[in-house]
Amino acid sequence: MPVAGGGKPLPGLAKTVPACYDAATMENDDQSRPFPAPAPCRGRNVAHNLWSGVRLALLRRVTAETFCGTPGDLAILAVADLLLNLVASFLLVGRSGEFAYQAIPSFFFHLPLFLLLGALAARRLDRPALVTAIPVALVALSIPLELCHALLEGLAQLPHLDRLNDWLEESHYYRFFWWWLTAGAVFLGRLVPTLRRRLPVLLFFSVLVVVPLWFFPRGDLWVAPDEGAEGGELHLTGDVLATQQQLLDRQLDQLLPGRPATPHLYFVGFAGDAGQDVFTRELTAVGRLFAERFGAAGRTVLLANNPRTATILPFATKANLARTLARIGRVMNRHDDLLFLYLTSHGSPGHELVVDNPPLELGGLTPAQLRAMLRTSGITWKVVVVSSCYAGGFIAPLADDHTLVITAADADHASFGCSYGERFTWFGKAYFDEALRRTYSFTGAFARARETIRQWERQEGETPSNPQISAGGAIERQLARLEKHLKNGGSTDGPGRTGRGRLPQRSQSE
């Protein structure tokens, strides 16, 4: 969004003669040329133009002659505008971002439009200096407004100011465009005193500048890795489709059966969102943990939505999840064995787990749908862990005497940690990578993880996510039996390494 203005001279600049004009030029002008021509670009002209841009943004009276309007001044301002956007977006996104080469053309798209507007206004008003003075003014106006928008984005990242994110949504963002439009129109309207001569210039401005910029806004030069999928795009090639048909069949066919009088754990992992790799990274790490430490090798099924794993893991769809649960219900010893179901993704305030893998249209997973799948499977003993924002909405629909339900947040709050480049969410790090490496107790690990997460949230000034737990009386006895079995060598690994308590990068799930 272009944005620039005019105004009160800086200390040391003459009040009667703008610094960017030669006194000799003004003295030699005759009455047929009442407006001075710009002098060659000087170093202090940049500061003068930027200050004038601030005043213009505040709707102060600024004339075209206030600006240093040579082609050199325009070029310097255009480069300054570009560099400002690059620096501001880098500070906001961080090192994990990338340079958006495709945004460069849109960054200079407005300059020919400004020059055309200046040329038409100069011809209409018989003031040749307006050819570059108007573009300089409009670019200078854009800079303070872009700084205001960047400052708002920065403040929204601070603790207790996340409510400002509402002002960064598209509908509110265009308020900055309207601010620029209003200030630009006021500046152009003041070029001439009469309405009859003013209207054509404003019409040129509306048609040549406002309309194109409304439909073709420019983007930032430094952006998060991909506003789509972090792992790239999913291409549904013939190989992918053929492989997907086999992947789930292979995992389900290789499931080991349960044995009488011996409790075994069946692990099912579900990474629902393809947009960020953290969910799949966490899923695979947790799958290894359960295979090695909790004796789930040969009894593990992983479902993931991620372009990187499209030929390695079956897609995380509701149909695949239902089929997996039904198969485990048939092969396990329902009297002794337990299911550990782990679901990780984004979550909505309406308590729907995001299941997203473009271009596939999958639809979210609701608590009612998951409850129906579990009932249909016939599985008796269940541990269900949901790691997402607002995951507490899954507790009441799933809770019963034979089920332990754990959620990363309550029904009204967000959880944290789904950042680009991260290996774990905060809950995944605290519960799986730290607590469950120190104990075989799922409830004991939850107590440790909840305290760890509270410490991280206090440290970062975040609103508490309030992880939740619900355990039926019967499942507690069965879990104690499994814990005893694992302590007595029922797993293939000992206590394992302990976590170091490193705080994952802060980022709120959505």
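All values derive from a computational prediction rather than experimental measurement.
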Examine Arg450 relative to Phe427 and say whether NZ or CZ is less than 6.0 Å from the centre of the six-membered ring and inside a 45° cone about the ring axis. no
Say you draw a straight line from CG of Asn357 to CG of Asn306; how long is it, rounded to the nearest 0.5 Å? 8.0 Å
Between the side chain of Gln254 and the main-chain N/O of Gly298, is any donor-acceptor distance below 3.5 Å? no
Steps toward side chain to side chain donor-acceptor pair (under 3.5 Å) verdict (Glu282, Tyr342): CA-CA 11 Å; Glu282 183 168 285; Tyr342 178 53; 2.3 Å; yes
Spacing of CE belonging to Met373 relative to CG belonging to Leu321, to within rounding of 0.5 Å: 5.0 Å
Enter the distance from Leu482:CG to Thr262:OG1 here, rounded to the nearest 0.5 Å. 11.5 Å
Yes or no on side chain to side chain contact (heavy atoms under 4.5 Å, CB included) for Arg334 and Met332, after CA distance, side-chain angles and deciding distance? CA-CA 6 Å; Arg334 296 185 184 180; Met332 74 188 322; 4.1 Å; yes
Within a strict 4.5 Å, meaning less than it, do heavy atoms of the Phe279 and Leu283 side chains meet? no
CG on Leu111 to CG on Leu138, rounded to 0.5 Å: 10.5 Å
Report yes if the side chains of Asn305 and Asp356 come closer than 4.5 Å at any heavy-atom pair, otherwise no. no
CZ on Arg423 to CG on Asp433, rounded to 0.5 Å: 5.5 Å
Check: Tyr440 ring centroid to Phe294 ring centroid under 6.0 Å: yes
What residues, two or more places apart in sequence or in another chain, satisfy ring pair (Phe, Tyr, Trp, His ring centres under 6.0 Å) together with Phe216? none
All heavy atoms of Leu265 vs all of Phe442, minimum pair found to be CD2-CZ, 3.9 Å
Do Asp337 and Arg259 sit within salt-bridge range, that is, some charged N less than 4.0 Å from a carboxylate O? no
Any ion pair linking Asp249 and Arg323 (charged N to carboxylate O, less than 4.0 Å)? yes
Partner of Ser465 under side chain to side chain donor-acceptor pair (under 3.5 Å), picked from Glu457, Arg454, His413, is Glu457
